[in-house]
Every structure is written in C-alpha cells, then in structure tokens.
Trainee: 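Once you've had a glance at the structure underneath, I'll fire off some questions.
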Amino acid sequence: MVAAGKFWGVEREFRAKFGDLLIEPVVGLAYPAAPSEAPPAEALQFQHDPARLPFRIVLDFFFRMHDPTRVDQQFKYYGPEFRSAVFVHDSEQRREAQEFIRDVAEPRYRRLMPVATAIETFSQFSPAPAADQDYFRQHPELPRFGLEDPCGTHHERTWILIENLGRQRHFEPLLNEDGEIDTEIEDSDEDVEPEPRPPGYGTGATEVVVTEEELQAMIAQLHRRS
C-alpha cells in the first residue's frame, strides 16, 4: 500500500503503468499501527502477484511517480494525510523498503532534499466513496499534465531526469520539437546546488502499461544497481 499525496493521481499512475498486474486497486484512508500517532493517509491499496510484479518494482515506480522529498505535501495538497508513505505488512517488506530508500532513492534525489517517505506498519484501511474510485476514468475531461491537472505532480520520471534535477529550476514538462515529453537532459560536469521550487509543478512520461518483458528488464537493471 502506498501514499503519495492525493490518491486520485496515485491510482491513475499505477493503473496506467501496471494495468492488470494490479489486483483490486482501491483508494481510501490507510491507518498506521500503534505506537504511531500519525493520522490516516490518503492511499492506494492493491494486491499483486510477486512472481509477476515484485515489490521492488512497485517501489521503483513509486519513488519515480511523485516527489518523495516533500514533507506532508504533493502539488496543491497540504497536510499529513497527503504525506509520502509506504505501508508495509511484514518485516520483509519493511527491509526491502528501507534498503530501496538507502541504496536507490536517496542517492538519486541527493540534488534536491533528503527523501521524506515514511515506512509505516499497516493497521487498517477504509475505502473511499465510489466517487473517488478510478477518479480520472470517471472524469476524462480533466487534463493529463500541468497546473490544470488536479494531480499535476503525479507522473512517471526516469532516474536520469531525477538525478539531474539539481540543474533544473523545478519539475516541469520537457517538450521536444514535436511537442512530446522529452526526458533527455544535457549532462554537465558543473555541480550546481538545487534551486527553490514553487509548490505547483508537474512533469511526465508517456502513459504505458508495462509488459512482462519490460518487467524482467527492470528487475535485471535493479539487480545491477544493488
């Protein structure tokens, strides 16, 4: 179970990326177990077959589809209910999440700020009303990118883009001459400090449902990073 701001956008991105590999995705409020005093968070709950969709691949996408350096905020939504969090069900998931943050996420977000994602023990889940489920499918008129997108920061980014964010003013759509989203960034040896970012920003990648072959390639790439 993952939390990353407004649950509408989290569900949209996970459905777009993984399609039928997500089993019974539902948005709602996730409650952490005691002794945590944190309030419930807007979250996406789903089941998955680890043989087809490993937890590490879920983590890899999760940390690329939102800004995990934000504390209690994503886009225009503020408050602890919009925090970045991974709700784990057992010690093995906790270990995987901790290792992923330490070995993959933290080094790649180093030009921004420390990763603020909490790893919380799952206690209970309260589904949201039907009007909130698969929200963007119910409202196809809503824009996909930019400040008019209700979840403007929920879009997939490449690790190359993330590693180079210190050279960019903030997350924003990078368009090529054809008006398509371009994730290629000219490299530089200059070490530039991150610049302040406005509270509203957005970027994205082409919507695609991952195939079995792509999953295997992602797994192999993650193993090479480890």
Side-chain angles (χ1 to χ4, degrees), residues 1-15 17 22 25-46 55-56 58-91 93-129 132-133 135-136 147 149-157 162 165 170-171 194 196-204:
M1 185 182 303
V2 293
K6 191 65 185 173
F7 50 32
W8 297 337
V10 180
E11 181 180 24
R12 176 185 66 187
E13 297 305 306
F14 270 77
R15 282 182 179 272
K17 184 67 175 179
L22 297 186
V26 180
V27 299
L29 295 179
Y31 293 78
S36 173
E37 297 181 356
E42 290 204 3
L44 171 65
Q45 176 178 257
F46 58 90
F55 185 51
R56 190 171 173 86
V58 172
L59 292 172
D60 183 86
F61 179 68
F62 171 72
F63 282 100
R64 293 187 293 109
M65 56 71 60
H66 78 297
D67 182 356
T69 70
R70 292 281 185 173
V71 178
D72 294 346
Q73 186 232 332
Q74 292 291 316
F75 197 42
K76 58 185 178 182
Y77 304 99
Y78 293 81
E81 67 270 31
F82 301 114
R83 65 188 180 276
S84 173
V86 177
F87 286 84
V88 297
H89 293 265
D90 53 43
S91 58
Q93 283 192 341
R94 178 176 293 276
R95 181 191 64 78
E96 281 197 71
Q98 290 173 334
E99 290 181 355
F100 192 91
I101 291 175
R102 182 193 67 204
D103 299 338
V104 180
E106 280 282 12
R108 286 162 174 78
Y109 279 100
R110 68 186 185 280
R111 288 181 176 272
L112 291 172
M113 297 176 67
V115 170
T117 303
I119 302 175
E120 306 184 30
T121 301
F122 171 75
S123 173
Q124 63 183 31
F125 179 77
S126 177
D132 286 316
Q133 305 297 333
Y135 186 80
F136 286 92
L147 296 178
D149 179 347
C151 300
T153 58
H154 285 152
H155 300 292
E156 182 179 7
R157 304 158 179 89
I162 290 167
L165 282 175
H170 50 75
F171 287 4
R197 299 163 299 165
Y201 56 87
T203 188

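Note: hydrogens, waters and symmetry copies are ignored here, and every other heavy atom, side chains too, is used. Here the structure is a predicted model, which is why all the values come from computation and not from measurement. FYI, the numbering just counts along the sequence from 1.
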Trainee: To the closest 0.5 Å, what do you measure between CD (Q45) and CD (E11)?
Mentor: 11.5 Å
Trainee: Considering all heavy atoms of both residues, which atom of P150 and which atom of Y77 are nearest to each other, and what is their separation?
Mentor: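 Between these two residues, the closest heavy atoms are O-OH, 2.9 Å.
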Trainee: Hey, are the side chains of V27 and E42 touching, using non-hydrogen atoms and a 4.5 Å cut-off?
Mentor: no
Trainee: So, do V86 and F100 sit near enough that their side-chain heavy atoms are less than 4.5 Å apart?
Mentor: no
Trainee: Could you grab the distance from atom CG of L29 to atom CD of Q124, nearest 0.5 Å is fine?
Mentor: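 The CG atom of L29 sits 10.0 Å away from the CD atom of Q124.
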Trainee: Kindly indicate, with the supporting measurements, whether the criterion side-chain contact (heavy atoms from CB on, under 4.5 Å) is fulfilled by I162 and Y109.
Mentor: CA-CA 6 Å; I162 290 167; Y109 279 100; 3.4 Å; yes
Trainee: Would you say D72 and Y78 make side-chain contact, with heavy atoms under 4.5 Å?
Mentor: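 Not in contact.
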Trainee: Do the ring planes of F87 and F122 sit parallel (below 30°), tilted (30 to 60°) or perpendicular (above 60°)?
Mentor: perpendicular
Trainee: Using side-chain heavy atoms (C-beta onward) and a distance below 4.5 Å, is L59 in contact with I101?
Mentor: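 SC-SC contact between L59 and I101 ruled out.
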Trainee: Let me know which of F55, F125, F62, F14 forms a ring-ring contact (aromatic ring centres under 6.0 Å, His included) with F46.
Mentor: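 Option passing the ring-ring contact (aromatic ring centres under 6.0 Å, His included) with F46: F14.
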Trainee: Considering all heavy atoms of both residues, which atom of S84 and which atom of H66 are nearest to each other, and what is their separation?
Mentor: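 In terms of heavy atoms, the two residues are closest at OG-NE2, 2.8 Å.
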Trainee: Are S123 and P32 close enough that some pair of their side-chain heavy atoms sits under 4.5 Å apart?
Mentor: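 S123 does not reach P32 side chain to side chain.
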Trainee: Checking D60 against R64 for the side-chain contact (heavy atoms from CB on, under 4.5 Å) test, could you report, in this order, the C-alpha distance in whole Å, the side-chain angles of both residues, the deciding distance, and whether it holds?
Mentor: CA-CA 7 Å; D60 183 86; R64 293 187 293 109; 2.9 Å; yes
Trainee: Could you report the tightest heavy-atom contact between R12 and H154, atom names first, then the distance?
Mentor: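 R12 and H154 have their closest heavy atoms at NH2-O, 3.1 Å.
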Trainee: If you look at every heavy atom in P80 and A41, which pair is closest and at what distance?
Mentor: O-CB, 4.5 Å
Trainee: Please list all pairs passing the salt bridge (Lys or Arg N to Asp or Glu O under 4.0 Å) test where one or both residues lie in residues 26-35, with sequence neighbours left out.
Mentor: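 Not a single pair qualifies under salt bridge (Lys or Arg N to Asp or Glu O under 4.0 Å).
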Trainee: Would you tell me whether T153 and R70 have side-chain atoms, one donor and one acceptor, within less than 3.5 Å of each other?
Mentor: no
Trainee: Measuring only between side-chain heavy atoms, which start at C-beta, is E81 closer than 4.5 Å to P40?
Mentor: no
Trainee: Can you name the closest pair of heavy atoms from A30 and A43 and give their distance?
Mentor: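 Looks like CB-CB, 3.8 Å.
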Trainee: Does the pair E96/R56 count as a salt bridge with the N-to-O cut at 4.0 Å?
Mentor: no
Trainee: Any chance you could lay out the side chain to side chain donor-acceptor pair (under 3.5 Å) test for R83 and T117, step after step, and finish with the verdict?
Mentor: CA-CA 7 Å; R83 65 188 180 276; T117 303; over 6 Å; no
Trainee: Give, for atom SG of C151 and atom CZ of F7, the distance between the pair rounded to the nearest 0.5 Å.
Mentor: 9.5 Å
Trainee: With sequence neighbours left out, write down each residue that passes ring-ring contact (aromatic ring centres under 6.0 Å, His included) with Y31, or none if nothing qualifies.
Mentor: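 If we apply the ring-ring contact (aromatic ring centres under 6.0 Å, His included) test to Y31, skipping adjacent residues, there are no hits.
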Trainee: So Q98 and I119, side-chain contact (heavy atoms from CB on, under 4.5 Å) or not? Walk me through it.
Mentor: CA-CA 8 Å; Q98 290 173 334; I119 302 175; 3.4 Å; yes
Trainee: If you measure from OH on Y135 to NZ on K6, what distance do you get to the nearest 0.5 Å?
Mentor: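 Those atoms lie 8.5 Å apart.
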Trainee: Taking side-chain contact (heavy atoms from CB on, under 4.5 Å) as the definition, give me every residue that meets it alongside R102, ordered by chain and number, with sequence neighbours left out.
Mentor: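 By the side-chain contact (heavy atoms from CB on, under 4.5 Å) rule, R102 matches E99.
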Trainee: To the nearest 0.5 Å, what is the distance between CH2 (W8) and CG (D132)?
Mentor: 6.0 Å
Trainee: Once you round to the nearest 0.5 Å, how far does CZ of F61 lie from NZ of K17?
Mentor: 6.5 Å
Trainee: Shortest non-hydrogen contact from E120 to A118?
Mentor: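 Nearest pair, atom of E120 first, then A118: OE2-CB, 3.5 Å.
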Trainee: Without swapping roles, check the side chain of R108 against the backbone of E106 for a donor-acceptor pair under 3.5 Å.
Mentor: no
